[in-house]
There are 2 protein chains.
Amino acid sequence: MHKYIVGLIRVLTITDEELLNVHGRIIERAYPELKVISKCIKNQPQGIYDSKTEKIAKPKIIELAKEFEREGVDAIIISCAADPGVKEVRERVSIPVIGAGSAASSLALAYGEKVGVLNLTEETPMVIKEILGDHLVAEDHPKGVTNTLDLMTELGKNAAINAAKRLKEKGVDVILLGCTGMSTIKIAPILEKRVEIPIIDPVIAAGTVALHSLKRLNIWGEKNEA
Amino acid sequence: MHKYIVGLIRVLTITDEELLNVHGRIIERAYPELKVISKCIKNQPQGIYDSKTEKIAKPKIIELAKEFEREGVDAIIISCAADPGVKEVRERVSIPVIGAGSAASSLALAYGEKVGVLNLTEETPMVIKEILGDHLVAEDHPKGVTNTLDLMTELGKNAAINAAKRLKEKGVDVILLGCTGMSTIKIAPILEKRVEIPIIDPVIAAGTVALHSLKRLNIWGEKNEA
């Protein structure tokens with residue numbers, strides 16, 4: 001099977017190799033035609049959590065993206081629901097650039113017009129608000145949770161399930177996870193099983209759009225047969 | 001390779017077997033994990049072109065969808081950019097139901113916030129307007145073209161290219177094809193080559209969302225390993 005190579009940018013500093021590759025492995029498992037190489041930005045172990053840390057991160061994201069392009073990857077994923085640097089990188093490289101936030105919020109709209117966003121703690125990322133517009137009908141977050149580690153406890157998991165249930169009670173057709181930290185801990189299937197409406201995981205969504213962007217032009221002509 | 005089975009509903013009567021299967025073949029070529037079975041509604045060789053013909057078609061679409069579910073398909077695609085019957089079918093079957101119009105318009109938003117719609121002749125389908133909201137910044141159609149056969153001529157092709165260029169001049173980031181007839185004649189790659197912005201083909205988009213909906217739940221647990 002021909003494999004497309006995707007460069008994935010983690011917007012926090014991760015030294016543990018396995019943790020660095022978690023998002024890539026999720027995407028590879030969903031879409032075996034994609035091989036994902038992950039890199040992370042330096043000197044930001046807390047990642048991006050406000051406009052100042054986003055500003056510091058952006059040039060590093062752009063640098064990693066250029067590096068990926070030079071190395072010949074077929075597409076780039078910026079694996080954060082806030083899409084940091086996505087617009088800037090799109091202006092600077094000539095391969096597809098996918099943001100996890102824009103991918104997830106757009107894909108959510110294929111499932112229903114009333115979308116709920118389940119955030120970790122912080123507000124709904126601006127890019128998600130902008131894409132959803134009036135389709136964003138409810139936002140919530142797990143009570144008593146301050147980071148993804150909390151979510152991995154029994155208490156945290158229940159808090160997330162309850163938040164998702166509150167969103168469903170507000171009549172949403174579909175729930176979008178507003179943080180890729182929730183992808184890391186693989187909470188989407190737990191939530192979907194308990195709440196019984198589609199849960200859109202931002203990392204899988206990014207993989208979906210990456211695959212679409214690579215297939216879009218490559219399935220028509222004879223020379224791409226085989 | 002495990003294949004998911006997708007039931008695809010054509011909303012016009014097609015007797016030619018090859019023509020009936022064109023959309024399915026496009027999806028299978030893009031996503032080899034999907035096997036597509038196509039069926040079409042009866043007694044509507046002109047398809048759906050106004051509210052009256054849509055009303056006549058809906059019960060037939062619902063019937064075909066139920067038939068597909070009984071036959072055990074994994075997901076259903078309604079292969080029309082107007083999403084006829086999508087909401088009604090979703091209420092009546094328990095497998096994923098994807099509309100080509102909602103799939104394409106949602107996916108377009110992953111590529112950019114300013115979306116142009118290239119229609120065949122008629123207006124932009126309501127479902128596309130509803131999903132795009134303020135992101136729908138321009139609509140156009142090929143001049144002098146009244147059906148997909150016209151589009152296959154040199155004149156028609158040029159008219160489509162010119163319409164796409166007009167959309168690009170209005171500053172759109174991405175162009176969405178507002179009719180699956182344009183998928184049938186495979187005009188997306190021609191337009192993208194000439195206009196150089198992403199062109200979202202509604203049939204491929206429907207396949208993309210179908211695959212996402214089938215993968216979403218099936219990639220996490222151990223029992224789905226292998």
Side-chain angles (χ1 to χ4, degrees), chain A residues 1 25-33 86-87 90 96-113 127 130-135 173 186-190 192-193 198-201 204-221 224-225, chain B residues 1 25-33 86-87 90 96-113 127 130-135 173 186-190 192-193 198-201 204-221 224-225:
Chain A
M1 190 199 301
R25 294 294 102 85
I26 291 170
I27 291 170
E28 289 175 342
R29 186 159 170 168
Y31 299 115
E33 285 180 86
V86 167
K87 282 181 188 169
R90 281 185 179 157
V97 178
I98 293 99
S102 46
S105 38
S106 58
L107 210 48
L109 291 169
Y111 286 86
E113 297 203 10
V127 64
E130 279 173 6
I131 287 183
L132 293 181
D134 294 339
H135 300 294
D173 303 313
K186 300 176 183 171
I187 202 165
I190 297 167
E192 183 148 346
K193 199 172 171 189
I199 307 286
I200 307 299
D201 178 279
I204 295 182
T208 307
V209 175
L211 188 61
H212 175 263
S213 70
L214 293 166
K215 293 286 184 165
R216 210 177 67 241
L217 283 178
N218 293 321
I219 62 151
W220 306 95
N224 298 301
E225 205 86 49
Chain B
M1 188 201 303
R25 293 296 101 83
I26 290 170
I27 292 171
E28 288 176 342
R29 186 159 170 170
Y31 299 116
E33 286 181 85
V86 166
K87 283 182 186 168
R90 280 185 179 156
V97 178
I98 294 99
S102 46
S105 39
S106 58
L107 209 49
L109 290 168
Y111 287 86
E113 297 203 10
V127 65
E130 280 173 7
I131 287 183
L132 294 180
D134 294 338
H135 300 293
D173 303 313
K186 301 177 182 170
I187 202 164
I190 296 167
E192 184 149 346
K193 201 172 169 188
I199 306 287
I200 307 300
D201 178 280
I204 295 182
T208 307
V209 175
L211 187 62
H212 175 263
S213 70
L214 293 166
K215 293 284 182 165
R216 212 177 66 242
L217 282 177
N218 292 321
I219 61 154
W220 305 93
N224 298 301
E225 205 87 50

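Treat the numbers as computed from the prediction; the structure is a model and nothing was measured.
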Worksheet entry | Atom group of S105(A) that falls short of 4.5 Å from chain B, counting heavy atoms | neither
Discussion item. Less than 4.5 Å apart, side chain to side chain, heavy atoms only: is that true for Y111(B) and S213(A)?
Written reply: yes
Response to the item:
Heaviest contributor of heavy-atom pairs below 4.5 Å to chain A, chosen from I98(B), I26(B), V86(B), L214(B), is I26(B)
Practice prompt. Check whether I199(A) gets within reach of chain B through its side chain, its backbone, both or neither, counting any heavy atom under 4.5 Å.
Written response: backbone
Worksheet, complete the sentence: Turns out that what part of D134(A) lies under 4.5 Å from chain B's heavy atoms comes down to neither
Practice prompt. Carefully, step by step, assess L107(B) and L107(A) under the rule side-chain contact (heavy atoms from CB on, under 4.5 Å).
Written response: CA-CA 6 Å; L107(B) 209 49; L107(A) 210 48; 4.2 Å; yes
Worksheet item: At a heavy-atom separation under 4.5 Å, does P198(A) approach chain B through its side chain, its backbone, both, or neither?
Response: both
Worksheet item: If you count heavy-atom pairs under 4.5 Å between each of L132(A), V209(A), V127(A) and chain B, which one has the most?
Response: V209(A)
Response to the item:
Answer key: most heavy-atom pairs under 4.5 Å with chain B among R90(A), M1(A), K193(A) is R90(A)
Worksheet item: For A104(A), is it the side chain, the backbone, both, or neither that has a heavy atom closer than 4.5 Å to a heavy atom of chain B?
Response: neither
Worksheet item: Which region of A108(B), side chain (C-beta onward) or backbone (N, CA, C, O), has a non-hydrogen atom less than 4.5 Å from a non-hydrogen atom of chain A, or is it both or neither?
Response: neither
Discussion item. Contact between I200(A) and R216(B) at the side-chain level, heavy atoms closer than 4.5 Å - yes or no?
Written reply: yes
Worksheet item: Has the side chain of H135(A) got a donor or acceptor atom that lies under 3.5 Å from a matching backbone atom of L109(A)?
Response: no
Item to complete: Quick one: which of D201(B), L211(B), I131(B) has the most heavy-atom pairs under 4.5 Å with chain A, could you say?
Response: I131(B)
Discussion item. Using a 3.5 Å distance criterion without hydrogens, assess whether the side chain of D173(B) forms a donor-acceptor pair with backbone atoms of E113(B).
Written reply: yes
Worksheet, complete the sentence: When the 4.5 angstrom heavy-atom criterion is applied to E33(A) and chain B, the contacting part is side chain
Worksheet entry | Any donor-acceptor N/O pair, H212(A) side chain to T208(B) backbone, under 3.5 Å | no
Worksheet entry | Nearest heavy atoms of A110(A) and A103(B), plus distance in Å | CB-CA, 4.1 Å
Item to complete: Output the option from S102(B), G133(B), A30(B) having the highest count of non-hydrogen pairs under 4.5 Å with chain A.
Response: A30(B)
Response to the item:
Greatest number of non-hydrogen atom pairs under 4.5 angstrom with chain B, of E192(A), K186(A), K215(A), K87(A), falls to E192(A)
